[in-house]
Structure formats: C-alpha cells, structure tokens
Protein chains: 2
Amino acid sequence: MYDGIVQDLIDEFGRLPGIGPKSAQRITFHILQTPAFDVSRLSQLLAEVREKVRFCEICGNVSEQDRCSICRDPRRNPQVICVVEDAKDVAAIERTREFRGLYHVLGGAISPIDGVGPDDLRVAELMTRLADGTVQEVIIATNPNLEGEATATYLSRLLLSLQIRVTRLASGLPVGGDLEYADEVTLGRAFEGRRTL
Amino acid sequence: MYDGIVQDLIDEFGRLPGIGPKSAQRITFHILQTPAFDVSRLSQLLAEVREKVRFCEICGNVSEQDRCSICRDPRRNPQVICVVEDAKDVAAIERTREFRGLYHVLGGAISPIDGVGPDDLRVAELMTRLADGTVQEVIIATNPNLEGEATATYLSRLLLSLQIRVTRLASGLPVGGDLEYADEVTLGRAFEGRRTL
C-alpha cells in the first residue's frame, strides 16, 4: 500500500507478537512524523541486544554478564530456589518483593503436543545445582495450566529422592476478584486450599 | 526490573503508541528468544526510514522520491483531488479501489484547542494546485468528527470563489452495522442523507 521502505517497516513491526497491521502502521507513522522520537536509539538497541544479552549460566535468566544480577547478589538466600518457566516470570515474582531466594528458569514447560519433553528444559542444570546440599526448598512456580502442572508433577517426583522440601505456589481466587465470576476449577482449588482463620 | 540493555529496549518499545509495558516486555523477549527473528533487518530499516522517507512535494503523501507513486502515475485522473488529513487516510482510501484521482494531505485538521489553524495545514499548497484550472472536483475526506467537520467547512468556504465542485464523503450507517446500536448523530445523518430507491 505504501512506497518501498515505509511498507517494509510496517511489515517488520507487524511480525512482532501482539502487533497487527493497523498498529504496525500507526507505529511506523509515529516514527516518521514525531520529531522528538529518537529512532536511532531504538535502532541501535535492537542491533546490540542480541549480541550483548545472554542467559545466566547458573539460573538461565537474561543477563548482560555470565551470571545475572540475582545470582551475583550475596544478599539473596541460596537455600531456596524458585523454579519458573520463563525469564519474564522472574521479573513478575521480583515485582512482588516477597521472595529473596534464587531462581531457576526452565525455558518452557513439558508439553507432549508441542514435542517439549524434560530433556528440552533446563532440568539437568537444576539437578546439578541441587547436588551440593545447600538448597533446602524448591518452590515450583510453573504456570497453573496443563503444561505447568505436568511440569510441576514431573519435577516433584524427580526431587522426591533428594530429601529437599518441594512446594508449589497456591492456586485460588485472585485478590480483588469476584467469586461469582471465578471459573469452576479455580473455585474448586480455592476450596481445596482453604485455610483455618 | 531487568539488567541494563533489556530494560532499555523494553522502555523504548513502551514509548511507541499503543504499546504498554506488558507488550513491550513480550516483544523484547520475542526478539531475544526467537532465533528466526531478523533483528538486524528491523534495526536497519529503522535507521534508514527517517533518512530516506520524505513527503511528496505535490500532495504531501509519504514517498521515497520527490513525488509519490500516486502523483507520478499517469493513469490517475488529475481532475479530481481528494483532500485528507493524514497519509494513513490515503492508504485507507486506496484500499477501497474506488478512487482514481489524486490526493492532497493536509497534515492534520483545524483544532483551536490544540492550537492548529489553517496556516499549520497544507492549505496554501492546495490552493496553488487548484490555480491552473485542471481540477474539476475537490472531495473533502477529512474525518467525520469535530475537527474534521470544521476543516471541511473552512475549505468549502475557501473554495467557493474558485467555481470548483466541492463534495464531502457521505455520513451514515456503517455497512454491516446494526441500526439499534448506531449513535444519534450518525442515525440523524443517515436520515438527512437518505436516497430515493
């Protein structure tokens, strides 16, 4: 619809997740028409990011160094490891400021349909980290969906022999939510996990 | 929340229109984790686009040359000019394949609140184009909102002296829409503009 490079840029933006053709067009025109928009900065960051960013050799989180800022932090408790599917989950948990231990990023969840088995995840690396006996508790924080639950079950069985406490994040009603609109499975979990007041 | 450059890239994406912090994070991780994603291409296009893309010296549409592909096309009818607010509107009208004339991009609409007057738009350029008597009809296709209507009224008065036919796109019920859900103003316009069958 547009001449050469403008359409090329719209097409490239349109390939990013969650950006449809209309948004891609809007972004491209924003870049063309906003004098203050520092397009060279975005362009340079994009060129650098794949080169500079690697994954932490210990936990698998994103990092600009061999070890991520959490694994390098001496104030974090090395006796507790929280296992997550994705580096984005690390950021989500960090925002709660509730957890002061270390993380382990699996890089996905077990999903036979997508052909993802335990060997495709960073499970062996987790076992290596647990070998020296420092870790007292593994908190499994995979997503509360089919794949996440399957992964949690698999890991809990695998860790059974190590005499380490294995826990799973609670399922239940979201805070601020409405009981009336909760789905049956969530409401069922909320009953199962009810606590004495 | 993330180390250096990853957070920088999330922040830069978050400054684009329609991209919130969650989408910016999702896009950044897509770029980090998708091997097939050609990040250098996006980076290079961004670097080139501001440099290469200019605005057509005749109509104000985006173009990589002094004159855009529509103004250069000898098959377009030079007797009809469609006046639009924005280059995105040119693309929208081109998609209908209904219009074979030329365009004139105003670069906005009259809006006293935002301090945009006729002098801030490409109105003088339009008058210059109309001076040689080639153009027989000016179709005003500004948006059907307050600013667009004000601009249409202003232009129609300005063109009154030139003995050129001035038309405005029809307002009415959108095709495929539901009469019950149409707002009062649109429904009123649909009555006003009713046609004999």
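Looking at S23(A), there are no atoms closer than 4.5 Å to chain B (heavy atoms on both sides), in backbone or side chain. For D86(A), the part sitting under 4.5 Å from any heavy atom of chain B is the side chain, from C-beta outward, and nothing else. There is no contact between Q65(B) and chain A, counting heavy-atom distances below 4.5 Å. Looking at I70(A), neither its backbone nor its side chain comes within 4.5 Å of chain B, counting heavy atoms on both sides. Of the atoms belonging to K88(A), heavy atoms from both backbone and side chain fall under 4.5 Å from chain B.
Taken together through direct or relayed side-chain contacts under 4.5 Å among Ile, Leu, Val, Met, Phe, Trp and Tyr, Y154(B) and M127(B) form part of one hydrophobic cluster. Residues I81(A) and I58(A) do not share a hydrophobic cluster, clusters being chains of Ile/Leu/Val/Met/Phe/Trp/Tyr side chains in contact below 4.5 Å. L106(A) and L146(A) end up in different hydrophobic clusters when Ile, Leu, Val, Met, Phe, Trp and Tyr side chains are linked at under 4.5 Å.
To the nearest 0.5 Å, the span separating NE2 on H30(B) from CZ on R15(A) amounts to 7.5 Å. Distance CD/E51(A) to OG/S40(B): 11.0 Å, rounded to 0.5 Å. The distance from atom CZ of R26(B) to atom CD1 of I19(A), rounded to the nearest 0.5 Å, is 9.5 Å. From I10(A), atom CD1 reaches atom CG of L45(B) across 11.0 Å, with rounding to the nearest 0.5 Å.
Crowding of R67(A) atom CZ: a count of heavy atoms from other residues, nucleotides or ligands under 6.0 Å not exceeding 12. Surrounding CZ of R54(B) are more than 12 heavy atoms belonging to other residues, nucleotides or ligands, all under 6.0 Å away.
No donor-acceptor pair under 3.5 Å is formed between the side chain of S43(A) and the backbone N or O of L46(B). Between the side chain of R50(A) and the backbone N or O of I31(B), at least one donor-acceptor pair lies under 3.5 Å.
Proximity of L42(B) to L9(A): side-chain heavy atoms (C-beta onward) are separated by under 4.5 Å at one or more points.
Here the closest non-hydrogen pair linking L32(B) and F55(A) is O-CZ, 4.5 Å. Here the closest non-hydrogen pair linking I5(A) and E64(B) is N-OE2, 2.6 Å. The shortest non-hydrogen separation linking P17(B) to I27(A) is O-CG1, 3.8 Å.
Chain A forms more heavy-atom pairs under 4.5 Å with one residue of R41(B), K52(B), E48(B) than with any other, namely R41(B). Between chain B and the options V6(A), N61(A), V62(A), heavy-atom pairs under 4.5 Å are most frequent for V62(A).
For R168(A), the side-chain contact (heavy atoms from CB on, under 4.5 Å) partners at least two apart in sequence or on another chain are I140(A), T142(A), E149(A), A152(A).
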